[in-house]
Amino acid sequence: MAPSQPLPKNYLERGDSGTLVKGLQGKLQALGFSVGSGGIDGDYGEGTEQAVKAFQRKYGLTADGIAGALTLAKLDEIYKASQKPTPTPAPKPTPKPTTPPAQDPAKEEPKVDKSKLPADPAAREEVNEAIERGITNGARPQDEAKRQDAMVMAKRAGDFQDYQIQNLYTTFQQVKDKLPLQKPEVWEEKLENGDVSQQEMLYLIAQLTLRSFE
């Protein structure tokens, strides 16, 4: 009998690399989960692991940082849904005038659907930064926005991202034994689990900054 062959690996985890990891990173980043300073580099490092954990927590999966079958399927489902353009209701027909005004064909200009155009060069840097920070997925950058869209994007811009919490956790680990903080074990647990509000983040940053000068 021929020797049995090992089953192919059907999951991604820290230490993996290649095009499959790049695909995972691209979808996570498009959905607002930062994969770290390296960006979409094809290496499943700490930043990618933290992004996977954040995605798993958000969608009720086991937050182990391993992109298994359930995580990959959910990520693919959410990513595909985010790429579908919002249907625009058909405009109501306007009644035609009894005697339409004469038009000069030479003055008529073809209509262009600007929503399908890429971002203007002058705004490209800001758009790329907004995509990287998870404020928007970058689809249809020239669509007209409603006031509620601007409000949602303003809130997202003000929220702390997972990678910022992770950076603060790293700093906290370095200084927790040097500064007289109250209940450091509570803050350590909050930062490690990502269970920290924006107000708590601001308070902790202020405490670390002020106490470092004492």
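Counting begins at 1 with the first residue of the sequence. If you're wondering where the values come from, they're calculated on a predicted model, not measured in any experiment.
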Steps toward side chain to side chain contact (heavy atoms under 4.5 Å, CB included) verdict (Val52, Leu24) | CA-CA 9 Å; Val52 171; Leu24 171 69; 4.3 Å; yes
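- Shortest non-hydrogen contact noted between Ala63 and Lys53 is CB-O, 4.0 Å.
- The shortest side-chain heavy-atom distance between Leu75 and Leu31 falls under the 4.5 Å cut-off.
- Considering every non-hydrogen atom in both Gln25 and Thr48, the closest pair reads NE2-OG1, 2.9 Å.
- By the 4.5 Å heavy-atom criterion applied to side chains, Tyr59 and Thr71 are not counted as neighbours.
- Residues that satisfy the salt bridge (Lys or Arg N to Asp or Glu O under 4.0 Å) test with Glu132, not counting sequence neighbours, are absent from this structure.
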Tell me, with the steps shown, if Tyr79 and Glu77 meet side chain to side chain contact (heavy atoms under 4.5 Å, CB included).
-> CA-CA 6 Å; Tyr79 176 77; Glu77 173 191 343; over 6 Å; no
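- Applying the 6.0 Å contact sphere to NZ of Lys58 captures no more than 12 heavy atoms from other residues, nucleotides or ligands.
- For the pair Gln29 and Ile40, the minimum side-chain heavy-atom distance is below 4.5 Å.
- Nearest approach of Val35 to Ala51, heavy atoms of both residues: CG1-CB, 4.1 Å.
- Contact annotation: the side chain of Gln56 approaches that of Asp64 to within less than 4.5 Å [non-hydrogen atoms, C-beta and beyond].
- Leu72 and Leu61 fall within a single hydrophobic cluster, where Ile, Leu, Val, Met, Phe, Trp and Tyr are joined by side-chain heavy atoms under 4.5 Å apart, directly or via other members.
- Two residues are said to be in side-chain contact when any heavy atoms from C-beta on lie closer than 4.5 Å; Val21 and Asp43 fail this criterion.
- Judged as a side-chain contact (heavy atoms from CB on, under 4.5 Å), and not counting sequence neighbours, Glu125 has no contacts.
- Contacts of Lys27 classified as salt bridge (Lys or Arg N to Asp or Glu O under 4.0 Å), with partners at least two apart in sequence or in another chain: Asp76.
- Residues Lys74 and Phe55 have side chains in contact (heavy-atom distance under 4.5 Å, counting atoms from C-beta outward).
- Using a 4.5 Å heavy-atom cutoff, the side chains of Gln50 and Phe33 are not in contact.
- The neighbour count for Glu189 CD, taken as heavy atoms of other residues, nucleotides or ligands under 6.0 Å away, does not exceed 12.
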